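Working notes, beginning with the structure itself.
The shown structure was predicted, so the numbers you read here are calculated from the model rather than taken from an experiment. Residues take their numbers from the sequence shown, with the count starting at 1. All values below come from the heavy atoms of this structure, side chains included, with hydrogens, waters and symmetry mates left out.
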Amino acid sequence: MRVLYFSWLRERIGTAEETVEPPAGIADVQGLVDWLKARSDKHGEALADLRLVRVAVNQEHVPFSHPVKAGDEVALFPPVTGG
């Protein structure tokens, strides 16, 4: 599974992307993010407040309850404002 980080998430975690193999039982974005938070202090701090994080799976915006599977591309990014 490929995980992409954008904007301040990328800066705080220290990488723009990583390939991960979550353990069996990770079935949705929420489970993936909870697992990512435990991978390092940087992940934990960057993903501490999920109200500030949006997600896309395979380039489609989805809620945290969306299913994930091996081979998916998961993008995590802050909300975007326009004006």
Side-chain angles (χ1 to χ4, degrees):
M1 183 179 299
R2 185 172 170 216
V3 181
L4 309 175
Y5 304 103
F6 292 92
S7 188
W8 56 263
L9 287 167
R10 176 184 60 229
E11 294 169 12
R12 291 182 185 173
I13 292 172
T15 187
E17 67 178 83
E18 58 187 333
T19 300
V20 299
E21 293 185 32
I26 302 291
D28 60 17
V29 172
Q30 184 66 58
L32 174 66
V33 169
D34 289 344
W35 177 74
L36 288 169
K37 288 163 75 173
R39 292 191 77 208
S40 75
D41 289 343
K42 290 181 179 180
H43 286 82
E45 291 171 15
L47 300 170
D49 187 351
L50 295 181
R51 295 174 302 169
L52 304 176
V53 177
R54 299 297 179 262
V55 62
V57 174
N58 300 324
Q59 301 183 9
E60 179 180 331
H61 290 242
V62 297
F64 282 84
S65 60
H66 188 80
V68 293
K69 61 184 181 316
D72 280 345
E73 177 187 89
V74 179
L76 301 172
F77 51 91
V80 178
T81 60

Open item on the list: Looking at every heavy atom in both Ile13 and Lys42, which two are closest together, and how far apart are they?
Closed with: O-CD, 3.5 Å
Task: Any Leu9 side-chain heavy atom under 4.5 Å of Leu52 side chain - done: no
TODO: Check whether Val74 and Phe6 end up in the same hydrophobic cluster, where Ile, Leu, Val, Met, Phe, Trp and Tyr are linked by side-chain heavy atoms less than 4.5 Å apart.
DONE: no
Open item on the list: If I compare all heavy atoms of Gln30 with all of Leu50, which pair ends up nearest, and what's the gap?
Closed with: NE2-CD1, 3.6 Å
TODO: Give a yes or no on this: more than 12 heavy atoms of other residues, nucleotides or ligands lie within 6.0 Å of atom CG of Asp49.
DONE: yes
Task: For Ala46 against Trp8, the heavy-atom pair lying closest together - done: O-CZ3, 3.6 Å
Open item on the list: Check for me, please, whether Tyr5 and Trp35 land in the same ILVMFWY cluster - side-chain distances under 4.5 Å, paths through other members count.
Closed with: yes
Sequence neighbours left out, cut at 3.5 Å: what donor-acceptor pairs do the side chains of residues 53-67 make with other protein atoms?
{"from": "Arg54", "atom 1": "NH1", "to": "Arg51", "atom 2": "O", "distance (Å)": "3.1"}
{"from": "Asn58", "atom 1": "OD1", "to": "Glu73", "atom 2": "N", "distance (Å)": "2.9"}
{"from": "Asn58", "atom 1": "ND2", "to": "Asp72", "atom 2": "OD1", "distance (Å)": "2.9"}

Task: Close side-chain approach of Leu32 and Met1, heavy atoms under 4.5 Å - done: yes
- [ ] Give, for atom NE2 of His43 and atom CG of Leu76, the distance between the pair rounded to the nearest 0.5 Å.
- [x] 9.5 Å
TODO: Inspect the contact between Glu17 and Arg2 and indicate whether a charged nitrogen and a carboxylate oxygen are less than 4.0 angstrom apart.
DONE: yes
